[in-house]
A.B. asks: 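I am attaching a structure below and will ask some questions about it afterwards.
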Amino acid sequence: MSHIVARTLGGDLDKLLGKNLAEDVFGIDLLAKDDLSAVRVELGRLRRRLNQYYASEGKSDPVVISIPKGAYVAQFTRREVPDGEAHTLRAGISKVFHLGWVQVAATAALVVLVGGTVLRSGTESPALPRVVIAAFESQSPENEPLAFGLTADLVNRLAKFQNVVAVSREDAVTRDGQRTGPDLKAPASGADYRLSGYVLNGKAGPRLDIELISYPSGAVVWVDEFGPPDDEQDLYSAQLDIADKIARVLAGRRGKISRLELSATETGASRAAYRCVLRYHNYQAARSAGAHREIRHCMERAARTTPGYAEVWSSLAQIYLDELKSDFNRRPEEYDPLERAHAAALRGVEVAPESSTSYSVLAAVEYFRRDLDAFEAAGRKAIAINPNDADVISYFAHYLSLSGKWEEGQALQKRAMAMSPGHPPVWHSSSVLDALRRKDYQTALIEAELSFDPGYYLSVLYVVAANAHAGNRDATLSALAKLEELRPNFRAQVTQDLSKRFYPVEVIDELVKGLEISYNFRSEP
């Protein structure tokens, strides 16, 4: 207990992983025995004893120490108690805890609180948007199995995404606490959205009309219509495809619900960590050193206040990777960014072992650690957990291509793009590099234009190289001016920059040659 509290107060959250506790507290040699079960058992006992303590001898303590499930960090909550019952603690921390091993930890926690640095009480997980899926209705009895199947499939698919909480209508309750039937239109307790659908009879077959209602306003914020299956698709396959599409549109990282939540005016503490994750998704689309500094601060705060939220740890791991890849706001005197990224990624997997995002990010970190076996294992597990998450597929496809498995990587990338037609430009990056290495400069030019992000220097480099190899002088010089604006000394750094990203040699050669061609264009009369 004292070890966990001391690490927490010292800000060493990356040192509070199961493997660290195994070695530092229990003396388990993980090289000889790869087993953390003893740590989990002891942490379970510790949580139970803390609960017993605060329900009995410690019921008047002004500071409650807890260790949320799925995390190994301490959380401190101030609670109001009569002065007469807590004066000894406030005066000099002279009250002796009956559980002797708690005394040091409680003392450290109280020193922080009494000293004026009040730590905000953390929560095991954030208050994510709750989406109630109402039982879909059918216009005619013959389509009732389709309506029932769509409802079940949607609950299943939405539940695999990390950005929402899916609530089945049959399990929902009204605001007054009474259980409802599937046809009641009232929102469930605490619901943010209600998703409902109607299977109607069309001339060519059944048609689905669907709508999303936002609470408490009751406004319809999204509607869509799905027609009957084509001649080559059976009704069951069409049902699964519809459920997949709806889940991606609503719950993806750039889905409808994420966009609604990011634009909402509500800024309560319960949603702070969730909104921070949404801001991180926006940062991914427009990386810059300034945006990186802000989002890193937001995420590190979220990791302290909501350590049970796996998306926070996964996002934080990628933020640390950006320190390594793009030299954004590095703090070399404090830590190695790759080590910290690895610790955060492992924490994400520990907190949510069934999260596709957690394994996806761990795969990327393992790629940069050059453990390609671990990279592939984590990436394939991420896709197996949620094969409907286009972001996860694209992320793995990018690094799988760079690792040398171009054919499989590009096939996966095309699959992700087909699943998410509104995908961000960065998804085309590996396709540019694949075309360049094959010296297919016309395809490289098309993919470079699709990948273009005027604020991201690598994206601009791809446009420079593709146009240079294709012989487009004016377009090359225009892009080169933009590249020099973003990275003034990049010509001297390009090989080093690409090498630390572990780009294959043949890809680096093509990019460097393209850049040199662009400077030759400039020197021509």
Side-chain angles (χ1 to χ4, degrees), residues 13-24 28-36 39 72 284 310-311 313-328 330 332 335-386 389 391-413 416 429-430 433-434 437 458 496-508:
L13 302 186
D14 57 316
K15 303 289 180 58
L16 286 174
L17 296 168
K19 65 183 184 70
N20 297 108
L21 292 178
E23 296 171 351
D24 298 342
I28 298 174
D29 183 359
L30 293 181
L31 294 177
K33 181 181 179 182
D34 187 13
D35 185 3
L36 299 179
V39 177
Y72 299 141
Q284 281 187 305
E311 284 273 313
W313 293 107
S314 297
S315 301
L316 196 53
Q318 294 178 93
I319 289 168
Y320 291 138
L321 275 184
D322 278 352
E323 295 181 28
L324 174 72
K325 295 186 295 182
S326 301
D327 287 324
F328 285 164
R330 294 191 68 162
Y335 57 80
D336 176 273
L338 185 55
E339 289 182 3
R340 185 157 286 197
H342 191 225
L346 288 173
R347 173 63 64 77
V349 170
E350 280 189 343
V351 170
E354 294 305 317
S355 165
S356 58
T357 301
S358 295
Y359 277 99
S360 173
V361 173
L362 178 60
V365 175
E366 296 292 7
Y367 170 85
F368 280 94
R369 295 180 73 239
R370 306 317 290 157
D371 189 340
L372 296 184
D373 289 338
F375 152 69
E376 282 202 40
R380 297 187 191 283
K381 184 173 180 63
I383 295 175
I385 290 173
N386 187 1
D389 192 331
D391 289 278
V392 163
I393 296 172
S394 175
Y395 203 30
F396 179 59
H398 177 81
Y399 288 115
L400 188 64
S401 297
L402 293 183
S403 71
K405 296 189 176 181
W406 289 98
E407 186 174 347
E408 183 186 1
Q410 289 308 291
L412 282 173
Q413 193 64 268
S429 296
S430 63
L433 304 179
D434 178 48
R437 77 176 183 89
L458 279 183
Q496 179 183 0
D497 185 286
L498 299 176
S499 296
K500 72 181 179 183
R501 295 171 180 274
F502 301 104
Y503 280 21
V505 173
E506 65 272 21
V507 171
I508 296 177

A.B. asks: Using a 4.5 Å cut-off on heavy atoms from C-beta on, say whether the side chain of Ser499 contacts that of Ile508.
C.D. replies: yes

A.B. asks: Considering all heavy atoms of both residues, which atom of Ala363 and which atom of Gly379 are nearest to each other, and what is their separation?
C.D. replies: CB-N, 3.5 Å

A.B. asks: Please identify each residue that fulfils ring-ring contact (aromatic ring centres under 6.0 Å, His included) with Tyr503, with sequence neighbours left out.
C.D. replies: none

A.B. asks: Give, for atom NZ of Lys405 and atom CG of Leu372, the distance between the pair rounded to the nearest 0.5 Å.
C.D. replies: 9.0 Å

A.B. asks: Measure across Ala364 and Tyr395 and return the closest heavy-atom pair with its distance rounded to 0.1 Å.
C.D. replies: CB-OH, 3.5 Å

A.B. asks: Evaluate the side-chain proximity of Asp497 to Lys325: yes if any heavy-atom separation is below 4.5 Å, no if none is.
C.D. replies: no

A.B. asks: Can Glu408 and Arg380 be counted as an ion pair, charged N to O under 4.0 angstrom?
C.D. replies: yes

A.B. asks: Kindly give the heavy-atom pair with the smallest separation between Ala317 and Val365, and that separation in Å.
C.D. replies: CB-CG2, 4.4 Å

A.B. asks: Does Ser430 reach the main-chain N or O of His398 with its side chain, forming a donor-acceptor pair under 3.5 Å?
C.D. replies: no

A.B. asks: How many angstroms lie between CD in Glu376 and OH in Tyr399, if you round to the nearest 0.5 Å?
C.D. replies: 15.0 Å

A.B. asks: Can Ile393 and Gln413 be said to form a side chain to side chain contact (heavy atoms under 4.5 Å, CB included), step by step?
C.D. replies: CA-CA 7 Å; Ile393 296 172; Gln413 193 64 268; over 6 Å; no

A.B. asks: With the side chain counted from C-beta on, respond yes when Arg501 and Leu458 share a heavy-atom pair under 4.5 Å apart, and no when they do not.
C.D. replies: yes

A.B. asks: Could you measure the distance from the CG atom of Asn386 to the OG atom of Ser355? Nearest 0.5 Å is fine.
C.D. replies: 9.0 Å

A.B. asks: Answer yes or no: is there a side-chain heavy-atom contact under 4.5 Å between Asp327 and Lys500?
C.D. replies: yes

A.B. asks: Which value, rounded to the nearest 0.5 Å, describes the distance between Ser401 atom OG and Glu407 atom CD?
C.D. replies: 10.5 Å

A.B. asks: Test side chain to side chain contact (heavy atoms under 4.5 Å, CB included) on Thr357 and Asp389 and set out the steps.
C.D. replies: CA-CA 9 Å; Thr357 301; Asp389 192 331; 4.3 Å; yes

A.B. asks: Any donor and acceptor pair, going by atom type alone, linking the side chain of Arg369 with main-chain N or O of Leu338 inside 3.5 Å?
C.D. replies: no

A.B. asks: Without swapping roles, check the side chain of Ser315 against the backbone of Glu311 for a donor-acceptor pair under 3.5 Å.
C.D. replies: yes

A.B. asks: Give me the atom names and distance for the closest heavy-atom approach of Val361 to Ser314.
C.D. replies: CG1-O, 3.5 Å

A.B. asks: Do you know which two heavy atoms are closest between Ser360 and Ala382, and how far apart they sit?
C.D. replies: N-CB, 3.5 Å

A.B. asks: Is it the case that the side chain of Tyr320 and the backbone of Asp336 share a donor-acceptor pair, with hydrogens and angles ignored and the cut-off at 3.5 Å?
C.D. replies: no

A.B. asks: Starting at CG of Leu402, measure out to CG of Asp434 and round the result to the nearest 0.5 Å.
C.D. replies: 10.0 Å

A.B. asks: Considering only NZ, NE, NH1 and NH2 on the basic side and carboxylate oxygens on the acidic side, decide whether Glu323 and Arg340 come within less than 4.0 Å.
C.D. replies: no

A.B. asks: The test is side chain to side chain contact (heavy atoms under 4.5 Å, CB included); show your working for Leu400 and Phe375 and say whether it passes.
C.D. replies: CA-CA 9 Å; Leu400 188 64; Phe375 152 69; 4.1 Å; yes

A.B. asks: Kindly give the heavy-atom pair with the smallest separation between Ile385 and Glu354, and that separation in Å.
C.D. replies: CG2-O, 3.2 Å

A.B. asks: Judged by atom type as modelled, is there a donor-acceptor pair below 3.5 Å linking the side chain of Tyr367 to the main-chain atoms of Phe502?
C.D. replies: yes

A.B. asks: So Leu433 and Trp406, side chain to side chain contact (heavy atoms under 4.5 Å, CB included) or not? Walk me through it.
C.D. replies: CA-CA 10 Å; Leu433 304 179; Trp406 289 98; 4.1 Å; yes

